[in-house]
Amino acid sequence: METFQVVLAKKLSDALAQARLPIAGELTPATDPRFGDYQTNVALILGKQRGEKPQVLAEQIVAQFNAGDVCEPPVVAGAGFINFVLRPGAVAEKTMEVLRDERLGVAKAKSTQRIVIDFGSPNVAKPMHVGHIRSTVLGDALARIAQFLGHEVIRDNHIGDWGTQFGMVIYGWKNLLDRQALQRNPLAEIVRIYKETNERATSDPQFREACRQELVKLQAGDKENIDIWNECVALSMQDFEHVYKLLDVHYDLQCGESFYHDCLPSVVERVLKSGIAEISEGAVVVFFRDNPELADKPLIIRKRDGGFNYATTDVATIDYRVNDLKADAIWYVVGAPQTLHFKQIFEIARREGYKADLRHIIFGSILGEDRKLMKTRSGDNVPLRDLLEEACKRARKIIEEKNPQLSEDEKADIAKKIGIGAVKYADLSQYRLTDYIFSWEKMLALHGNTAPYLQNAYVRIRSIFRNAGEAAVATPLWGVEGGTGHRPVATLLVLKEPAEINLAKRLCQFAEIVPQVLNDFRLNILSNYLFELANSFHTFYEACPVLKSDEPVRSSRLSLCDLTGRVLQRGLDLLGIKVPERM
RNA sequence: GUGCCUGUAGCUCAACCGGAUAGAGCUUCUGACUUCGGAUCAGAAGGUUGGGGGUUCGAAUCCCUCCAGGCACGCCA
């Protein structure tokens, strides 16, 4: 199935060929409804290239344009733009196609890749905190979209389970551990001993040395230390799993840093041998002398004391992902502070001859109401688990106010969908590079560009079908108990009211929007689309009675509702957000 | 010091690879309910896109410069 954009672009290139003009510029959705549905700047670009008047060229192109039944004859406007207005008949036909399509018109990517997505990456012996939200939520949504577009996605959790911090954790475990506290709240106790040890280590060199010795023993394979380490990892993983369950995030692989431990010596040997790295002041260092940007930014991959650091691990990780996992691309969803680090690592991979498409997908920070990095009152990181549970609690409170008659189970289920959805959507609806201010009130608001608003649009649609009360009640595509997959498809769509035509056009755009998200990993494009779709639906809902209408308008409108619900459900699902049936 | 990111309405944010008169939401104000969930809709008000130059048919977007905030820059991860 082709989108209108593709259909029109083809017709445009035909017209250009007829007019003996080269292809240039682009055909895009109109920037403003005044200019129709699509526009092209091709005449402006050609005019510049050839030193001719854009308006004259535009007229020539328009004269050759075969609109068929798709759109009205295009018109030249402004400095030389060509504007296209879709015909309602074509919109109705296309919407019918989308309605019959399980994929809602979204085509699979032409060339599909195997993509490893590295996201989340919490650290053992530290609870997940707000700082992990963006990586986890962005990474999961990107994985869902890439998969939907036909790519083979491997979600990998690169857990921080093998660093210097373990010297301290093990020392603390041996000397400071409170067994009862460990039973009550394992992770909290591990965090406590780590923090206390860390504080003492920073001020006391002897103490620091003792911790280092524990680390050396661990890395040498000392049985006692390995056992302690294993237990810490297992206890931390329990905390992570709890959060992942709440978030509905899963991984295909959880290859933490320790997974690569054994390959590190050979990695260093290899890059030394190939001349990529050299020895400098006792350390093994990679210089990037021929790269102006990195010329004065060397990277250490083995410390003077023979120890490895995370740069070594990251090089080993690329080896594994490219050679063993056969990745065509690796996406790192990791915060902006590590930009330089990844530039260096990617440059090493390039020198080693790896062809994989390596991307560092960066994002901004989450700020508190005071515009500073979000912290608790005592200055600690906010544990993610607490935050998510509070989201559900707050959602629950709203449900109690609006819909107290729902059953306990239903309330709990809905509160989770709304609370978690709100947190995720607050993140995904924003341009990923900007910092954003975390606000419960804004993300849980029932008005505006929020998850609850979108979920409510879906709920209203479901309500219409409950009221329709007939055999041919639409059922969502997936995830709803009792859904048979049977759906009513009107034999024809009657698009007469502006609100109907508008909504149908909007529904056809879903197929254009979804692939676009991956161009620059902008999830907010999809969020904005869904918000606009919900707006268009509400306008339609006000202007066009559904159940009270006579046939064939009634079936037609029911189908529009059905499709809107499915697009909302699918779109939110691609963002990792669930929809309730009532709320 | 060098580099990267950010700066858009009172507030929170959009604007696809340079497009036409910079758009939403919140807030404020004005309208619309015998409701298919008003948890809504229609409308109004709100701008020197941090400042200043430049490039061109055309700049929030590209270049230069300055200002403000954040981050990173050889043995942490």
Side-chain angles (χ1 to χ4, degrees), chain A residues 25-26 28-32 34-35 39 41 44-45 47-48 53-54 77-81 83 121 123 160 162-165 257 280-285 287 293-294 296-305 307 309-311 313-314 335-341 343 362 364-365 367 371-373 398 401-403 426 429-431 433-437 439 441-442 445-450 452-453 455-457 459-468 499 512-513 516-517 519-520 522 524-525 527-528 531-532 535 538-549 557-558 561 582-583:
Chain A
E26 53 193 359
T28 58
T31 52
D32 189 296
R34 291 191 302 270
F35 306 137
Q39 66 181 50
N41 59 356
L44 293 162
I45 307 281
K48 187 183 230 168
K53 279 204 145 178
F81 290 95
N83 295 333
S121 311
N123 290 309
W162 195 260
T164 353
Q165 80 268 26
E257 291 170 350
S280 167
E281 296 174 36
V284 178
V285 183
F287 289 95
E293 204 182 343
L294 299 175
D296 59 342
K297 309 257 187 297
L299 180 68
I300 291 173
I301 58 166
R302 194 178 70 197
K303 298 186 279 185
R304 200 189 330 222
D305 66 3
N309 53 23
Y310 80 130
T313 307
D314 280 347
Q338 297 202 41
T339 303
L340 174 61
H341 171 71
K343 276 185 183 160
I362 65 178
S365 314
L367 309 179
R371 300 184 148 275
K372 292 182 182 153
L373 279 181
I398 299 170
E401 280 169 26
K402 301 287 186 183
N403 244 335
S429 58
Q430 225 115 151
Y431 178 52
L433 286 179
T434 50
D435 296 345
Y436 76 90
I437 295 173
S439 159
E441 275 165 36
K442 278 181 181 137
L446 300 159
H447 301 264
N449 191 5
T450 65
Y453 174 81
Q455 288 165 324
N456 179 55
V459 164
R460 292 180 99 176
I461 291 167
R462 301 300 300 148
S463 176
I464 290 175
F465 283 102
R466 279 194 295 274
N467 288 333
E512 295 172 3
I513 295 291
Q516 210 187 328
V517 171
N519 284 347
D520 193 32
R522 290 195 189 199
N524 65 315
I525 293 178
S527 311
N528 289 344
F531 177 59
E532 284 166 5
N535 280 336
H538 277 132
T539 304
F540 159 83
Y541 183 91
E542 290 289 322
C544 306
V546 177
L547 298 177
K548 290 175 193 155
S549 301
R557 289 181 178 170
L558 263 175
C561 290
R582 295 168 221 267
M583 62 192 274

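Worth knowing before you read on, the calculation uses all heavy atoms, side chains too, and leaves out hydrogens, waters and symmetry mates.
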What's the [atom1]-[atom2] distance between [X] and [N], to the nearest Å?
X	N	atom1	atom2	result
A:Phe540	B:G37	CZ	P	14 Å
A:Glu293	B:U2	CD	C1'	11 Å
A:Glu532	B:A24	CD	C1'	8 Å
A:Leu446	B:G25	CG	C1'	14 Å
A:Glu441	B:G25	CD	C1'	15 Å
A:Leu433	B:U6	CG	P	5 Å
A:His538	B:A39	NE2	C1'	8 Å
A:Ile362	B:G3	CD1	C1'	13 Å

Which whole number of Å gives the distance between the [atom1] atom of [N] and that of [M]?
N	M	atom1	result
B:C64	B:A22	P	27 Å
B:U21	B:G37	C1'	38 Å
B:U27	B:U12	C1'	11 Å
B:C73	B:G10	P	37 Å
B:G50	B:C5	P	16 Å
B:C67	B:A20	C1'	32 Å
B:C11	B:A45	C1'	16 Å
B:A44	B:U34	P	25 Å

By ring pair (Phe, Tyr, Trp, His ring centres under 6.0 Å) - contacts of A:Tyr541 (at least two apart):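 So A:Tyr541 forms a ring pair (Phe, Tyr, Trp, His ring centres under 6.0 Å) with A:Phe537.
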Set of side-chain contact (heavy atoms from CB on, under 4.5 Å) partners for A:Arg304, sequence neighbours left out: none
[X] near the nucleic acid: base, sugar-phosphate alone, or nothing, with a heavy-atom cut-off under 4.0 Å?
X	answer
A:Tyr541	base
A:Lys442	sugar-phosphate
A:Thr539	sugar-phosphate

Determine, for nucleotides 67-77 of chain B in 5'-to-3' order, which nucleotides have protein heavy atoms under 4.0 Å from the base (write B), from only the sugar-phosphate (write S), or from neither (write -). ----SSSBBSB
For a quick check, with a 4.0 angstrom heavy-atom cut-off, what is the B/S/- contact string for nucleotides 14-21 of chain B, read 5' to 3'? SSB--BB-
Stem segments of RNA chain B by first residue number [Watson-Crick or G-U, under 3.5 Å, at least 3]: B:1-7 with B:67-73, B:10-13 with B:23-26, B:28-32 with B:40-44, B:50-54 with B:62-66
Taking O4'-C1'-N9-C4 for purines and O4'-C1'-N1-C2 for pyrimidines, is B:C17 syn (within 90° of 0) or anti?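 Syn, since the glycosidic angle lies within 90° of 0.
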A:Glu293: salt bridge (Lys or Arg N to Asp or Glu O under 4.0 Å) partners, not counting sequence neighbours: A:Lys343
